[in-house]
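Lettering of chains follows the sequences in order, A, B, ..., and the numbering in each one begins at 1.
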Amino acid sequence: MSQRSLAGPDGRRRYPRLVTVSQTSTPNTGADAAPHRYTAALAAELERRWQDRWELEGTFHTPNPSGPLGDPAAVAGRPKLYVMDMFPYPSGAGLHVGHPLGYIGTDVFARYQRMNGYNVLHPLGYDAFGLPAEQYAVQTGQHPRVTTEANIATMRRQLRALGLGHDSRRSVATTDPSFYRWTQWIFLQIFNSWYDPDAGGARPIVELEDAYASGRRATPDGTPWADLTEGQRRGLLDDHRLAYLSDAPVNWCPGLGTVLANEEVTADGRSERGNYPVFKRNLRQWVMRITAYADRLIADLDGLDWPEPIKLMQRNWIGRSVGARVDFPVRTAAGTQTAITVFTTRPDTLFGATYMVLAPEHPMVDDLLPGAWSEDLPASWTGGAPTPVAAVAAYRAAAMAKSEVERGAEGRVKTGVFTGAYATNPVNGALIPVFVADYVLMGYGTGAIMAVPAEDERDWEFAATFGLPHVRTVAPPADWTDGAYTGDGPSINSANNEISLNGLETAAAKAAIIDWLAAKGFGVPTVQYKLRDWLFSRQRYWGEPFPVVYDEYGVRGLPDSMLPVELPEVDDYSPRTFEPDDAESTPESPLARATEWATVTLDLGDGPREYRRETNTMPQWAGSCWYELRYLDPTNENAFVDPEVERYWMGPQAPGDCGGVDLYVGGVEHAVLHLLYARFWHKVLFDLGHVSSSEPFRRLFNQGYIQAYAYTDARGMYVPAEDVVEETDGSFSYEGAPVNREYGKMGKSLKNSVTPDQMCGEYGADTLRLYEMSMGPLDVSRPWDTRAVVGSFRFLQRFWRNVIDEETGLSRVSETPADAQTRAVVARTIDGVARDMANLRFNTAIAKLIECNNYLSRLLADGGALPRETAEAMILMVAPLAPHVGEELWSRIGHTATLTFVPFPQADPALLVADTVTCVLQVGGKVRDRVEVPADSTEESLRELALSAPKVVAALAGREVRTVVVRAPKLVNVVPA
RNA sequence: GCGGGAGUGGCGGAAUUGGCAGACGCGCCAGACUUAGGAUCUGGUGUCUUCGGACGUGGGGGUUCAAGUCCCCCCUCCCGCACCA
């Protein structure tokens, strides 16, 4: 990398052959280069120089309208644009070339829009709480803060070397106490709020307390507020809070030693991280009442400029179903009259309910079981057990023993057992048997269903297995043969003395029966969601402590003045982990061992008293739920963000606009986790009047991933991908032995990692940026190909050579004006590049720039000069993509200031209109000739031209002309008879 | 199984509203410079061809003067959900 060219005695250069062991096929060693050629060495020098200058001048320091980062004059008269990436976790493994793909994309876009006059906010921070730093700390004994800060420093260095124009003053980390102080503050806002269905949003809990205290709102059992004990009052309020403690079943993962959110558990009941078994346990944990926002989280998707698949995933995850709850009267074994409540989306099929099913965990099951079977029953119903109690116990034990994977592997064969009890179908009084079966899930609806075999495939299968009858209540299509018909159609067999659904279409039948049920007190219309409340506790050290304490009555939020609650120093950062399948184990947070910290004496307004702290911490999602707001005002010590600053950057742009970040770029893997949680927090803050935007991210863009090939040898071990050779027959080998190729992620363990540092060293950051942007559309995944990077390098080299004389290093720019053709070519390039950049189509923008540059190369090779207007337009267009080359050339042709804020070139519309165009002459739709014609040719003249064109005449071969289609001036199609 | 997306040269990918398929790049081939080339530069490069042309965007059918693009059927791959009543 360090060879220099030598000048010979005659003044001509001599290029010594210096071949080092490290020398590869890289074209850019500089060994052979002309003295002022664009080489890796030159790229490294000028990139460092411009990065230093940007930093020194604060080029990317974005002004706020007010406050510590405020500069009203700089803000005035410019439109704003907030461009943001999903922030990274500062991993110790360092970056590979796939990581910065999205960051480069947003940087190009941000730079482009700065040149269009926007005040662009483009920050990048760090999502730095979380498991890897903690696990590393457990292994090494080093405080996670130390490793986290070292990792952040490394990542900042790597990202700086890519020339990313972030506002470094706003580079917050979620682990900074000055950041998580406000995470805790927002938690308290949520904790101190309740969802008021009448207002359709969150309101301070003190308003609810006032309503109870004044009697405007009755307590659930009617007891006057004044007569309630302190504990009862607090319990009542706690039941309404948006952040609350719950004893409900949670996902307990012994292998990780922590509980997990539903979103963090895979379909086969394992942890998304680590792939350990997860068990349902009743544990007292913090939960966020996200379900209160389910409807708004669905409805407000409509106003978002997000990819449709992501919206769909959120809708599906929330899983809204409209239906009814219906009560089926039943008598317990003890003789008490009660009812089994089911949820159904098909109340119109009620007359077809021929049995019921309860989930194995359903709390009513045990009360229903009679002491003995009342009749002779088939063995399939009793499971061969002597009593219902024994049958259900055996069934439950068998169901518990099966893992989710095993259940899936059984191909969903329906199993179950009869309870011995019968319930009454409220519409027709029929006594129908009640079963227990694991195809009904306790976690959805009421954990109980009415089974309608004729109109539900699962019920049909179960009924077939257990010999249960079916009654069709929806007329299937004429060609229907057998099985459950789940579609819509006119109701049949659905009438009692009071109501008949017969003949009604499904929608009308639903409405009619719901009215009847409601009137009779048998049921109510209900909306059901798959979404559950969000489990918010983790038994971890490296997370935000909860800003709450406990006294004898329960939990109390701390006053703002006591924030932040900082993490205590501890000897052991590890949560207690267990054998992965030890379902009986109990979580044990590391903070519980910090006994001095966990007990604290505070004055919460009623004198100093001793309290217990919460020893769980918040999940890693907490910081990412609101970081877009902290970027706006990162140094504010009085508020998480100044309202005026928030309104400027994120406020609605028009009536009905939700506001939010103008462009948010990140991977699709956060479609339902981060993006749902962040929307929820933002809406709470909106309801409470803390932000003016009702959504955090107005526009979302999912970048694709850079994939890579990995190779395994005969033993299945990964071999270094860079040393694999492709054989002439298309197979691959490593050190002479054949290897298998697989396609997927890039990673150190797969031995196919390529780092940005490597690419910057071999070509420079501008080449890497250009290559990543030219590989394909930003939202599509594609394979990395190190060999192909040289193409982007060659372009920069050729572009450089067109502007700079390689021998002298001087500008080749001429002050003579451009000729008409050059102007037209450049104008077309400007037009296309501007459109592509605005649409994040950087790959086609680059193709157009290369095309234009190739034109200029030919022009110069033919002895032409490079006109200043042409050079400047090209430099300014290349600059967002390759900013260091852009700045360097801009300065070398005589400018002193950065080009960051120089207006992007405008195409003269007059130059976009060509004088002549190529007209395609077709015969029967096949191209036969092309002719240059005036752009304003008339249809008639083109028709004449085509009919007399020799190639058209030849292709017609004497056939009659049926018709002639003319699309002036570009196409004529002569259609033979 | 349900839902969504995608199939274009050896490879990554281009292609306003249906209107010249394969832009641009890699690779490959040839040439230039060179003691040399793995640097750089120039040119060529979908397939077949009797050199006229024919064929060609996963397969089959259709609409149209004209289909990668629109419609129907099928195949393959990727992503999400997965007994959600």
Rounded to whole Å, how long is the line connecting atom [atom1] of [X] with atom [atom2] of [N]?
{"X": "A:His670", "N": "B:rC79", "atom1": "NE2", "atom2": "P", "result": "17 Å"}
{"X": "A:Asn316", "N": "B:rG4", "atom1": "CG", "atom2": "P", "result": "10 Å"}
{"X": "A:Glu308", "N": "B:rC79", "atom1": "CD", "atom2": "P", "result": "21 Å"}
{"X": "A:Arg532", "N": "B:rC81", "atom1": "CZ", "atom2": "C1'", "result": "14 Å"}
{"X": "A:Lys926", "N": "B:rU64", "atom1": "NZ", "atom2": "P", "result": "17 Å"}
{"X": "A:Gln922", "N": "B:rG18", "atom1": "CD", "atom2": "P", "result": "16 Å"}

* To do: Ignoring hydrogens and angles, state whether a donor on the side chain of A:Asp327 or A:Thr341 is under 3.5 Å from an acceptor on the partner side chain.
  => yes

* To do: Assess the side chains of A:Glu455 and A:Thr473: does a donor N or O sit below 3.5 Å from an acceptor N or O?
  => yes

* Is B:rG9 in the syn or the anti form, by the rule that syn lies within 90° of 0? ->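 B:rG9: syn.
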
* When you check the glycosidic angle of B:rG52, does it come out syn, meaning within 90° of 0, or anti? ->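 The base of B:rG52 is oriented syn (glycosidic angle within 90° of 0).
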
* Think A:Lys414 forms a cation-pi with A:Phe462, using NZ or CZ under 6.0 Å from the six-ring centre and within 45 degrees of its axis? -> no

Has [X] got a side-chain atom pairing as donor or acceptor with [Y]'s backbone, closer than 3.5 angstrom?
{"X": "A:Asp836", "Y": "A:Ala845", "value": "yes"}
{"X": "A:Arg835", "Y": "A:Gly832", "value": "no"}
{"X": "A:Arg812", "Y": "A:Arg801", "value": "yes"}

Touch class at under 4.0 angstrom, heavy-atom based, for [X] against every strand present:
{"X": "A:Arg835", "value": "nothing"}
{"X": "A:Leu971", "value": "base"}
{"X": "A:Arg787", "value": "sugar-phosphate"}
{"X": "A:Thr344", "value": "sugar-phosphate"}
{"X": "A:Asn854", "value": "sugar-phosphate"}
{"X": "A:Ala847", "value": "base"}
{"X": "A:Arg928", "value": "sugar-phosphate"}
{"X": "A:Val440", "value": "base"}
{"X": "A:Gln528", "value": "nothing"}
{"X": "A:Arg782", "value": "sugar-phosphate"}
{"X": "A:Ser774", "value": "nothing"}
{"X": "A:Arg798", "value": "sugar-phosphate"}
{"X": "A:Ser792", "value": "nothing"}
{"X": "A:Arg858", "value": "nothing"}

Taking any strand in view, what nucleotide pairs with [N] in a Watson-Crick or G-U wobble way, both distances under 3.5 Å?
{"N": "B:rA6", "result": "B:rU76"}
{"N": "B:rU34", "result": "none"}
{"N": "B:rG43", "result": "B:rC29"}
{"N": "B:rG56", "result": "none"}
{"N": "B:rC83", "result": "none"}

Measuring only the [atom1] atom in each nucleotide, how far is [N] from [M]? A whole number of Å is fine.
{"N": "B:rC79", "M": "B:rC71", "atom1": "P", "value": "26 Å"}
{"N": "B:rG62", "M": "B:rG18", "atom1": "C1'", "value": "15 Å"}
{"N": "B:rC55", "M": "B:rA21", "atom1": "P", "value": "13 Å"}
{"N": "B:rA6", "M": "B:rG68", "atom1": "C1'", "value": "13 Å"}
{"N": "B:rG56", "M": "B:rG10", "atom1": "P", "value": "16 Å"}
{"N": "B:rA14", "M": "B:rG22", "atom1": "P", "value": "15 Å"}
{"N": "B:rC11", "M": "B:rG46", "atom1": "P", "value": "14 Å"}
{"N": "B:rU57", "M": "B:rA67", "atom1": "C1'", "value": "11 Å"}

* Heavy-atom check, side chain of A:Ser937 versus side chain of A:Cys919, under 4.5 Å -> no

* Salt bridge check: are A:Glu308 and A:Lys311 linked by an N-O gap of less than 4.0 Å? ->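 A:Lys311 and A:Glu308: salt-bridged.
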
* Asked: With distance as the sole criterion, do the side chain of A:Lys970 and the base of B:rC20 form a donor-acceptor contact below 3.5 Å?
  -> no

